[in-house]
Amino acid sequence: MSLTLDTYRLLGRSGLRVSPLALGAATFGTDWGWGAEQNEARKLFDLYVERGGNFIDTANTYTNGSSERLLGEFTRDNRESLVLATKYTALRRPGDPNSGGPHRKSLFTSVEASLRQLNTDYIDLLYLHVWDFTTPVDEILRGLDDLVRQGKVLYVAISNAPAWQVSRMQAIADLRGWSPLVALEIEYNLIERGAERDLIPMAREMGLGVVPYSPLAGGVLTGKYSRDDLTAADAASGESTRKSFNLALGAVTERNLAVADVVKEVAAELGHTPAQVGLAWTLQNPDVTAPIIGARTLKQLEDNLGALKVDFTASQLARLDEASAIALGFPHDTLASDHVRNVTAGGLKIEARR
């Protein structure tokens with residue numbers, strides 16, 4: 001594979017060029033009890049950009065706004081050469097129901113706040129962050145299109161939404177001549193492969209580039225957890241750390257640790273770290289544009305960037321796939337059966353369109 005950060009890729013059905021690894025800025029700032037102080041965050045940003053990276057991911061509420069504010073400072077001299085992605089919908093002011101959600105008022109006020117915090121007059125890529133099953137889709141799409149027409153947003157995208165709703169929105173945008181969605185940000189890694197059922201195939205058909213977050217499953221795939229952590233004692237301690245957060249979420253299970261064990265075995269064979277193997281696996285999927293790396297230290301970032309140099313054998317990929325495989329369920333398993341193939345194609349082998 002052997003990529004570099006300046007091996008740029010097109011993002012979905014757009015002409016926008018982005019790096020094959022995006023720099024996640026949720027670690028910029030320590031407001032949540034963990035993360036990188038300003039000086040350390042600046043070093044992370046500088047290293048990523050110096051290596052040719054141009055795709056940076058944040059959100060309006062990451063580290064209580066510190067993430068966007070720090071990026072606003074870091075990008076003063078090279079804003080135009082970067083692709084800044086941010087998000088809206090998370091509640092910005094407790095007690096104010098209209099300061100969150102995907103509706104028009106939240107959309108416009110959130111974007112104005114992000115523009116101020118990012119110290120810029122436009123956002124390259126704006127995600128709807130979290131679907132709420134409340135706001136009509138035409139209100140959302142029209143609002144997004146209005147911002148694009150105003151030049152405040154260049155491209156629009158979506159995250160954390162059902163596949164059927166995303167495909168419906170894309171069809172409506174196409175029919176009405178509104179700005180189409182160009183990216184889908186989802187959780188996707190060797191431990192969480194549920195997106196393979198509908199979200200990733202939908203993204204392929206509808207022209208959305210897949211941008212996985214948490215490609216290392218909150219650190220589980222790095223080998224930092226052991227069977228001793230299954231008691232989740234730290235999760236109840238009240239200590240605010242990344243580890244306690246993942247333990248509280250139930251991310252450390254026997255099944256997940258077994259997947260991490262195979263990742264460690266393959267890493268040892270390749271002479272790479274488990275983190276590099278976990279990241280590189282997501283890049284094997286042709287529908288994935290750019291996983292988001294969320295390093296907190298320079299050492300972690302250097303390690304993550306090494307994923308671009310990982311070359312798997314077919315046997316290693318097969319072992320990783322077997323260890324982490326999920327059941328696709330109905331209707332996918334049924335439609336892939338020999339019986340259905342015989343009914344629809346008389347047993348003939350027909351290659352699926354990609």
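We use all heavy atoms of the structure for the numbers below, so side chains are in, but hydrogens, waters and symmetry mates are not. The residues of the chain are indexed from 1 along the displayed sequence.
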Distance-only polar pair, side chains of His129 and Asn60, donor-acceptor under 3.5 Å: no

Modelled atom types, side-chain donor and acceptor of Thr334 and Ser337, under 3.5 Å: no

Closest approach of Thr58 to Lys87 (non-hydrogen atoms, all atoms of both residues): O-NZ, 2.7 Å

Tyr225 to Val220 - nearest heavy-atom pair and separation: CD1-CA, 3.7 Å

Which pairs of donor and acceptor atoms, one on a side chain in residues 137-144, lie under 3.5 Å apart (sequence neighbours left out)?
unit_1, atom_1, unit_2, atom_2, d
Glu139, OE2, Arg104, N, 3.0
Arg142, NE, Asp146, OD1, 3.0

Test item: side-chain donor near acceptor, Gln316 and Thr313, under 3.5 Å: yes

Cation-pi geometry met for Arg69 and Phe74 (6.0 Å, 45°): no

Side chains of Thr4 and Asp6, donor plus acceptor under 3.5 Å: yes

Passing candidate, side chain to side chain donor-acceptor pair (under 3.5 Å) with Arg92, options Thr109, Thr61, Asn98: Thr109

All ring-ring contact (aromatic ring centres under 6.0 Å, His included) counterparts of Tyr155, not counting sequence neighbours: none

Note, Phe133 side chain near Pro162 side chain (heavy atom, < 4.5 Å): yes

Distance-only donor-acceptor check, side chains Arg79 and Thr120, under 3.5 Å: yes

